[in-house]
Chemist: 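Here's a structure for you.
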Amino acid sequence: MVDLTERVSALAAIYETGTFGATVDGGPSVAFSERRPLSIVHVAGKPDDKAFSDGVKTACGCDLPTTPGDIATSGDLSLVWLAPERWLAVCPNRGSGVLEAAFRDACGDSGAIIDVSHGRTVIRLSGANARTVLMKGAPLDFHKKVFTPGRAAQSAISQCGTLITCPAEDTFDVYVFRAFGQHMWEWLTDAAGEFGYSVETPAT
Amino acid sequence: MSRSYRTPEGGRIDRSKLLNFTFDGKAYTGFQGDTLASALLANGVKLIARSFKYHRPRGIMSAGPEEPCGMIQLREGNRTEPNIRATQVELFDGLQASSQNRWPSVKWDINSINNLFNRMLPAGFYYKTFMWPKAMWMTYEEVIRHAAGMGRSADLPDPDRYEHMHAYCDVLVAGGGPAGLMAAKSAAESGARVILVDEHPELGGHLRGRKSKVGAKDAMDWVAGVRAELEAMEDVTILSRTTVASYYDHNMLVLNEHTGDHLPTAEGWTPRQRNWKVWAKQVVLATGSIERPLVFGNNDVPGVMLTNAIQTYANQYGVTPGNNAVIFTNNDSAYEAVLDMHDAGIRVAAVVDNRKVETAATATVRERGIPVFHNHVVFNVNGNKHGVKSVEVMALNEAGDHVAGSIIKLECDVLGMSGGWTPTVHLFSQSRGKLKWNEELTTFVPSESFQQERSAGACNATWGLNGCLKEGAKAGAEAAKAAGFVGAKAASAPKSDDHGMGDIRAMWRVPQPPHTHLKRFVDFQDDVATSDVELAVREGYTSIEHAKRYTTLGMGTDQGKTSNVNGLAIVSEELDKPIPEVGHTTFRPPYTAVTMGAITGTERGHHFSPIRRSPLHDWHLNAGATMVPAGMWMRAQYYQHPGEGMWDAIYRETLNVRNNVGLFDVSPLGKIDVQGPDAAEFLNRCYINGFGKLAVGKCRYGVMLREDGMIFDDGTTSRFSENHFMMTTTTAKAGPVMQHLEYLLDVEWPELNVHVVSVTEEWCGMAVAGPNSRELLSRITDADVSDEAIPFMGVTEVDICGVPGRIYRISFSGELAYEVGVPSDWGTHVWSQLMEKGADMGVAPYGTEAMGIMRIEKGHVVGAELNGRTTADDLGFGPMTSSKKAFIGQHAIGKPAFLETDRKQLTGLKSVDGKTKIPRGAQIVADPAGRIPMEQLGEVTANCYSPSMKEFIGLAIVKNGRERKGEKLWAYSPLTNEKCQVELVSPHMYDPEGEKVRG
Amino acid sequence: MLIKCPWCGDRALQEFSYQGDATVQRPAEPAEPTDAKWDDEWYQFVYLRDDPKGWHDELWQHNLGCRKHFKARRNTVTHEIADTGPMNEELKGGDK
Ligand SMILES: [Zn+2]
């Protein structure tokens, strides 16, 4: 099911594909893109409540990750640990309310499910210097052996609360509240200026 | 006259790269690899600055960050910076510098008259002389500030770029000298993540200024080899031109990286500086040591230098600071320097050594025909702003406390002094490590560590190169082990030269002949002489911390790097107490000054604070809205049409809502999703009024208190199902309310099964307000929007313009109104549809100003009234308060203070003459003509002209206000000298019966 | 400072906010609102806090991380943190 009305990104007014920043030998070493449109659902419940954990598995196909900072995946969906009783389910847009309903139906009263698909801006950075850009902003350990694919952490960049995930080697997704989207985009691309960066077409 | 003080060859400078620079407007040249100090010395410039208090001529004393004298103003215009140490400035082409503390010029300084009257400026002078009469202080201060200037800061915005970095590592090594290099190597070889930090562009520490050998290699070749090895390792980061500025709790260190200071300007994306925060599991401090001056008469004349500085200028920069040197020492380290000076072509007239006995080192200089005077001291320097002319030497008596015999006058143009070495324990001390006095070395040395660190090399009072290499390697391995790399081993280093300091003969004040009163400086930057320290002790400032503040000893920007030990030793002599009993002053971060830009980083200009943008932000901009910050949000203030004034626009927008229909962006209101079996119970406990019986599909206004009974926040909460609510908060309190709810669920009521999630950003909120709002709504949804289907305070989930949304029948304006919520990405779509479908009826957006007027007309409260000092009853919410349940703040509201009859209560105000506007921020008083101070009966919280009622109105919080309706008082603003007679009325000034809202 | 969130592990101070004294107990709801003992308990709870020198059990929130509240035993003189843990667990270490 697709939404009939096109969703407008928080970055709509400033999004421009191309190559920017310093001219560096070997070309830009950071690539940016907005991940959109996405379905994002906040899932809360008690992991030791079988009705809830079974419900989550039914709704999205993967087990609840209970190790802090872990991400479970099932097909194109990721289930990110946020807090002891909170997760974020993220996947390419399934249509308004569809993912939320899947969780509600499967978990019943055992879980608190709320759609936040429109409430987040997700910025993807990849490339050899993506880590360095993030190091300028967040007080996290981004070392290759520490912040590995399949891991996530919440922290702050430029005073904004962020969720940062590492879906693949040298690839990071920065989630911020939608209202901070433009600020975060401007901040991150500015921080990448010295390396040269490209902006790619948005994709999920 | 002008001749070069550059050696014909040698030095770690690139003689093929000639650099032009100016000092005080005069053009000079230097080479790539010079510092400003070495380039000035190479050009024979001796006079660099005037001293802080006495305006005495000062030159270059050191070759490093300890420099107390050679402070300059660097660069011009918007990049100018004062108090820069010439010894730390890498020369670049086009550099412009000027001397400071001088007027009109460094050579003809009018204020050096202070020097002639220096008896007028003893320690504590400021405290004693200028504190009375009080009124004169301002005058004195102005004169002093002018006289004792510390350079000038730029008065234009800083054009440079600054950044922050964050890093974690297993072992951080502070200092890239021999000990630091071996530590980094040992730790890195174990597999640990290592960050090696050094303040110079080139690693090597003191080796840069010496001619040492490591094994068969020149030491600097060995350094280059180790650097290459380290750079090849994946987990090693080498940060040159970087100072470990501060050592904080839990092994968090702040580094100040000078990424662009060595460039003419840091252009484009290159930051000028970067501040790093590093969290290190273990730290190795290899920060080296600093040579101490000796304290004798006129020891501040330009040309009196630390001995190792002369050696460094000769070896590293190929610069001879003089042609004819005398060296005054109390230890062996100066002798190696003498040999290097001699090699560089400097004539050494004599070595004056206060020690009685010759050492092995003595022979090495005697071999070159350099005379050595043992048991002698230099007690005076003759010279002026042109430099040293000669020094006066006398023998010591048997006890060493007086000079004896006849004066030997030695002609020279540079005097090297060496009073021994002080380990650089600043970082160790900042980390809370305890220092211990070592009598033999006459210095404080690291003793007990508090954090995860260890000291190695000269900063641990290990002087010889062999010792430094070994100790560094051991420290690096230990640190790696402690960080979990159990197999770590100390890397081996080739055997090397090993010069020590030998025995030292401490002489904290060099004696002078009877009846002479020469200025013997202890702290050169702050112009503190022995007489000041002596006076402070005589006047009872016997604690070292008091003496420091009274004399300002060690309080300059050099943090007393060259003066601390000498200063406290003199205090201890005056008190006749051993040094450990006197103790030392506290070392505070940063080690060297950090520019404000680096601390600020990117948080300036439009990144000073993040900007929150509503989903309709761009629409507002396109519609010509004037935007106004509200917290982090940007909100549309008003939409001015061509030919309209600001107030025209605001009144037009207001009347369009009152008479027709308007749209207002309410997206910034805080929205919190509340779910769970105990959700209703939770809301009951949070609000003063009940939510248990709120029907599904309805919303209710609620007031939340703090534990102390004052109002915390207000807003409406809607119920979507038995266990699912959505709370709204004021824009300003969205964050604090969320935190409050989380606190209650985590800490106070963990038994409640409730989950709260912020959904502020999920929803684009639009108020559709005015008599035509229902008609407009019916055009954008197929759903029934009749009064029966969506009654006042009803909420329904419907399809709006093809997207799922919610319609709330709530009103802040006092008109028939709705709030439409749709997922944010569709906000612009729905808003545009509202504008389009309402075009024929004249729908118009309104901004925060129009909203503000309408809320005053209706007496609705906002932050001005919810100011943390008002109770529910004060603002008229008393009747809402439930007595059937417990809620936060309930215990407080029965307290006597809450029940007093003269509490200030919300009231409406009307301008009595109908023409005078109610001054904003005014006080409510009975009679503005009365005597000040007069009784303050209340304060105006809001004021406006009401275009609907065509009069000036306002809101106020007035003592017993509800009972005073009809009374005439005055709104009086002494600050702006405005006053207005006001009549107290009900705050519900517009449509008091609320018929329109329910229409 | 580096604070160990019981869930997220060691994190920089700037991700946390101090939320007060973890040793104070919110009094039970009143049986009888005029009870003097109850009154005093509330007075203590709302207005009075100790300012201990040395070890102190504090309440912190990992507000830029998982947003959970937790307890930390911190030395107010040296800033050492002996232990952190969820609200329902006893802290260890320090000289308590
Ligand atoms: Zn956490």
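Within every chain, numbering begins at 1; the chains are lettered A, B, ... in the order of the sequence lines, protein sequences first and strands thereafter.
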Chemist: Chain A heavy atoms under 4.5 Å from C764(B): which part of the residue, side chain, backbone, both or neither?
Modeler: neither

Chemist: Evaluate the criterion side chain to side chain contact (heavy atoms under 4.5 Å, CB included) for residue pair H829(B) and V8(A); output intermediate values, then yes/no.
Modeler: CA-CA 8 Å; H829(B) 165 68; V8(A) 177; over 6 Å; no

Chemist: Could you tell me if the side chain of W187(A) sits less than 4.5 Å from the side chain of P610(B), heavy atoms only?
Modeler: no

Chemist: Tell me, for F720(B) versus chain A, whether the close heavy atoms (under 4.5 Å) come from the side chain, the backbone, both or neither.
Modeler: neither

Chemist: Which of the residues A44(A), P37(A), G111(A) is involved in the greatest number of heavy-atom pairs with chain B at under 4.5 angstrom?
Modeler: A44(A)

Chemist: So that I can tick it off, tell me whether D235(B) and K144(A) are bridged by a salt bridge, with the cut-off set at under 4.0 angstrom between side-chain N and carboxylate O.
Modeler: no

Chemist: What option among E186(A), R7(A), E194(A) has the most heavy-atom pairs under 4.5 Å with chain B?
Modeler: R7(A)

Chemist: Using heavy-atom distances under 4.5 Å, tell me whether W763(B) contacts chain A through its side chain, its backbone, both, or neither.
Modeler: neither

Chemist: Okay, side chain of W269(B), backbone of F195(A): is any donor-acceptor separation there less than 3.5 Å?
Modeler: no

Chemist: With side chains defined as the heavy atoms from C-beta onward, is the minimum distance between I114(A) and H724(B) less than 4.5 Å?
Modeler: yes

Chemist: If you apply the rule side chain to side chain contact (heavy atoms under 4.5 Å, CB included), what do you find for K136(A) with H164(B), and how did you get there?
Modeler: CA-CA 5 Å; K136(A) 293 185 185 185; H164(B) 287 172; over 6 Å; no

Chemist: More than 12 heavy atoms of other residues, nucleotides or ligands under 6.0 Å from CD of E200(A): is that the case?
Modeler: yes

Chemist: So which part of A12(A) gets closer than 4.5 Å to some heavy atom of chain B, the side chain, the backbone, both or neither?
Modeler: neither

Chemist: Given that the side chain runs from C-beta out, which part of V756(B) has a heavy atom under 4.5 Å from chain A: side chain, backbone, both or neither?
Modeler: both

Chemist: Sub-4.5 Å heavy-atom contacts with chain B: which residues of residues 155-166 of chain A show up?
Modeler: S158(A), Q159(A), C160(A)

Chemist: So what's closer than 4.5 Å to chain A heavy atoms on S609(B): side chain, backbone, both or neither?
Modeler: both

Chemist: Sort out for me which of V146(A), I113(A), D109(A) touches chain B most, counting heavy-atom pairs under 4.5 Å.
Modeler: I113(A)

Chemist: Looking at every non-hydrogen atom in both residues, tell me the closest pair between A13(A) and D618(B) and how far apart they are.
Modeler: CB-OD2, 3.2 Å

Chemist: Does the side chain of R193(B) reach to within under 4.5 Å of the side chain of D141(A), using non-hydrogen atoms?
Modeler: yes

Chemist: Tell me which of these, T602(B), T760(B), T270(B), has more heavy-atom pairs under 4.5 Å with chain A than the rest.
Modeler: T602(B)

Chemist: Which residue pairs satisfy the salt bridge (charged side-chain N to carboxylate O under 4.0 Å, His left out) criterion with at least one member in residues 121-133 of chain A, sequence neighbours excluded?
Modeler: R124(A)-D173(A), R131(A)-E169(A), R131(A)-D170(A)

Chemist: Let me confirm one number: the CG-CD distance from D190(A) to E163(B), rounded to the nearest 0.5 Å.
Modeler: 7.5 Å

Chemist: State, yes or no, whether a side-chain contact exists between T132(A) and M165(B) at a heavy-atom distance under 4.5 Å.
Modeler: yes

Chemist: Is R36(A) in contact with chain B via its backbone, its side chain, both, or neither, using a 4.5 Å heavy-atom distance?
Modeler: neither

Chemist: Taking ring-ring contact (aromatic ring centres under 6.0 Å, His included) as the definition, give me every residue that meets it alongside F32(A), ordered by chain and number, with sequence neighbours left out.
Modeler: W185(A), Y197(A)

Chemist: Using non-hydrogen atoms and a limit below 4.5 Å, what part of residues 175-184 of chain A faces chain B?
Modeler: F177(A), R178(A), A179(A), F180(A), Q182(A), H183(A)

Chemist: Using a 4.5 Å cut-off on heavy atoms from C-beta on, say whether the side chain of L140(A) contacts that of H166(B).
Modeler: no

Chemist: Check whether P804(B) gets within reach of chain A through its side chain, its backbone, both or neither, counting any heavy atom under 4.5 Å.
Modeler: side chain

